[in-house]
Amino acid sequence: MAVSAIQNNNVQNALIENYGLSKVTTDNGEAFDNLLSSAINMYKEADSLQKAAEESEINFALGYSNNIHDLADIQFKASTALQYTVKVTNKALEAYKELMNMQV
(Lines give C-alpha, C1' and ligand atoms only; values in the text may rest on other atoms or scores of the structure.)
Protein backbone atom coordinates (compact mmCIF):
# COMPACT_ATOMS: atom_id res chain seq x y z
CA MET A 1 0.00 0.00 0.00
CA ALA A 2 1.55 3.24 -1.11
CA VAL A 3 0.92 6.53 0.66
CA SER A 4 1.05 9.60 -1.48
CA ALA A 5 1.39 13.17 -0.30
CA ILE A 6 -1.45 15.64 -0.67
CA GLN A 7 -0.39 18.11 -3.30
CA ASN A 8 -3.48 20.28 -3.17
CA ASN A 9 -3.40 23.25 -0.82
CA ASN A 10 -7.18 23.59 -1.11
CA VAL A 11 -7.63 20.94 1.58
CA GLN A 12 -5.34 22.82 3.91
CA ASN A 13 -7.06 26.13 3.18
CA ALA A 14 -10.48 24.55 3.75
CA LEU A 15 -9.39 23.19 7.13
CA ILE A 16 -8.04 26.59 8.11
CA GLU A 17 -11.25 28.36 7.10
CA ASN A 18 -13.72 25.81 8.52
CA TYR A 19 -12.08 25.16 11.88
CA GLY A 20 -10.61 28.58 12.54
CA LEU A 21 -7.11 27.23 12.47
CA SER A 22 -4.20 29.48 11.73
CA LYS A 23 -1.03 28.73 9.87
CA VAL A 24 2.05 28.46 12.00
CA THR A 25 5.05 30.14 10.49
CA THR A 26 8.43 30.03 12.11
CA ASP A 27 11.90 30.94 11.10
CA ASN A 28 13.63 27.58 11.45
CA GLY A 29 17.05 29.19 11.68
CA GLU A 30 15.92 31.36 14.56
CA ALA A 31 14.22 28.46 16.34
CA PHE A 32 17.34 26.31 16.06
CA ASP A 33 19.51 29.21 17.22
CA ASN A 34 17.34 29.67 20.31
CA LEU A 35 17.45 25.95 21.04
CA LEU A 36 21.21 25.80 20.64
CA SER A 37 21.87 28.85 22.80
CA SER A 38 19.56 27.46 25.48
CA ALA A 39 21.46 24.16 25.46
CA ILE A 40 24.81 25.96 25.69
CA ASN A 41 23.55 28.02 28.63
CA MET A 42 22.35 24.83 30.33
CA TYR A 43 25.83 23.29 29.98
CA LYS A 44 27.48 26.47 31.28
CA GLU A 45 25.18 26.60 34.29
CA ALA A 46 25.80 22.93 35.14
CA ASP A 47 29.56 23.51 34.80
CA SER A 48 29.51 26.56 37.07
CA LEU A 49 27.51 24.64 39.70
CA GLN A 50 30.01 21.77 39.53
CA LYS A 51 32.91 24.21 40.00
CA ALA A 52 31.16 25.89 42.93
CA ALA A 53 30.57 22.51 44.57
CA GLU A 54 34.21 21.56 44.11
CA GLU A 55 35.39 24.87 45.55
CA SER A 56 33.02 24.48 48.50
CA GLU A 57 34.33 20.97 49.17
CA ILE A 58 37.91 22.22 49.18
CA ASN A 59 37.04 25.10 51.54
CA PHE A 60 35.27 22.69 53.89
CA ALA A 61 38.18 20.24 53.81
CA LEU A 62 40.66 23.01 54.56
CA GLY A 63 38.57 24.25 57.48
CA TYR A 64 37.60 27.59 55.96
CA SER A 65 33.92 26.67 56.27
CA ASN A 66 32.19 24.78 59.07
CA ASN A 67 28.67 24.78 57.65
CA ILE A 68 28.01 21.31 56.28
CA HIS A 69 24.44 22.25 55.35
CA ASP A 70 25.65 24.76 52.74
CA LEU A 71 28.09 22.18 51.39
CA ALA A 72 25.34 19.56 51.05
CA ASP A 73 23.02 22.11 49.42
CA ILE A 74 25.61 23.15 46.82
CA GLN A 75 26.49 19.52 46.09
CA PHE A 76 22.80 18.63 45.65
CA LYS A 77 22.26 21.53 43.22
CA ALA A 78 25.32 20.54 41.20
CA SER A 79 24.29 16.89 41.10
CA THR A 80 20.73 17.72 40.05
CA ALA A 81 21.92 20.09 37.32
CA LEU A 82 24.32 17.47 35.97
CA GLN A 83 21.67 14.73 35.96
CA TYR A 84 19.19 17.03 34.19
CA THR A 85 21.79 18.01 31.60
CA VAL A 86 22.67 14.38 30.91
CA LYS A 87 19.01 13.37 30.54
CA VAL A 88 18.24 16.25 28.18
CA THR A 89 21.33 15.43 26.12
CA ASN A 90 20.38 11.74 25.91
CA LYS A 91 16.82 12.58 24.81
CA ALA A 92 18.12 14.98 22.16
CA LEU A 93 20.48 12.31 20.85
CA GLU A 94 17.66 9.75 20.78
CA ALA A 95 15.50 12.17 18.80
CA TYR A 96 18.35 12.87 16.37
CA LYS A 97 18.99 9.15 15.85
CA GLU A 98 15.29 8.54 15.27
CA LEU A 99 15.18 11.32 12.67
CA MET A 100 18.23 9.93 10.92
CA ASN A 101 16.68 6.46 10.75
CA MET A 102 13.47 7.69 9.13
CA GLN A 103 12.81 6.62 5.56
CA VAL A 104 12.11 9.54 3.26
Side-chain angles (χ1 to χ4, degrees):
M1 175 177 174
V3 177
S4 62
I6 297 174
Q7 300 296 329
N8 191 350
N9 285 338
N10 292 335
V11 174
Q12 182 182 11
N13 292 334
L15 287 173
I16 290 170
E17 290 173 10
N18 291 337
Y19 295 106
L21 302 174
S22 61
K23 289 185 179 181
V24 176
T25 58
T26 60
D27 182 12
N28 290 336
E30 183 178 322
F32 181 75
D33 184 43
N34 290 340
L35 178 70
L36 186 61
S37 64
S38 174
I40 291 171
N41 288 338
M42 182 178 61
Y43 283 113
K44 286 181 181 179
E45 183 178 354
D47 184 50
S48 68
L49 287 171
Q50 289 289 333
K51 287 180 181 178
E54 184 179 330
E55 183 179 328
S56 184
E57 289 171 9
I58 291 171
N59 287 337
F60 185 78
L62 293 175
Y64 297 136
S65 173
N66 294 330
N67 193 350
I68 197 162
H69 175 67
D70 288 341
L71 175 64
D73 186 40
I74 291 172
Q75 287 178 331
F76 178 75
K77 286 180 184 178
S79 174
T80 304
L82 183 62
Q83 289 174 2
Y84 178 74
T85 303
V86 168
K87 286 184 180 184
V88 169
T89 302
N90 288 343
K91 287 294 182 182
L93 287 174
E94 284 178 26
Y96 174 77
K97 288 178 183 177
E98 192 171 322
L99 285 173
M100 290 296 111
N101 289 333
M102 290 179 99
Q103 297 285 330
V104 180

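One-based numbering along the sequence shown. Reckoned from all heavy atoms, side chains included, excluding hydrogens, waters and symmetry mates.
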* Asked: Other than L49, what residues sit in its cluster of Ile, Leu, Val, Met, Phe, Trp and Tyr side chains whose heavy atoms are under 4.5 Å apart, directly or through others?
  -> none

* Residues forming a side-chain contact (heavy atoms from CB on, under 4.5 Å) with T85, sequence neighbours excluded -> M42, Y43, A46, T89

* Nearest heavy-atom pair of A53 and Q75: which atoms, and what distance? -> CB-CA, 4.3 Å

* Structure fact -> CG (L82) and CD (Q50) are apart, to the nearest 0.5 Å, by 5.0 Å

* For atom CD1 of I68, decide whether the heavy atoms of other residues, nucleotides or ligands shown that lie under 6.0 angstrom number more than 12. => no

* Asked: Is the backbone of A52 close enough, under 3.5 Å, to the side chain of S56 for a donor and an acceptor to pair up by distance?
  -> no

* **Euclidean distance, L71 CG relative to N66 CG, rounded to 0.5 Å** => 11.5 Å

* Where the side chain of N41 meets the backbone of S37, is there a donor-acceptor pair that is under 3.5 Å apart? -> yes

* Passes side-chain contact (heavy atoms from CB on, under 4.5 Å), V86 versus Q83? Steps please. -> CA-CA 5 Å; V86 168; Q83 289 174 2; 5.8 Å; no

* How long is the gap from NZ on K51 to CG on D47, to the nearest 0.5 Å? -> 4.5 Å

* Asked: Any chain of hydrophobic side-chain contacts (each under 4.5 Å) joining I58 to Y64?
  -> yes

* To do: Please tell me if the side chains of I74 and K77 come closer than 4.5 Å, counting only heavy atoms from C-beta onward.
  => no

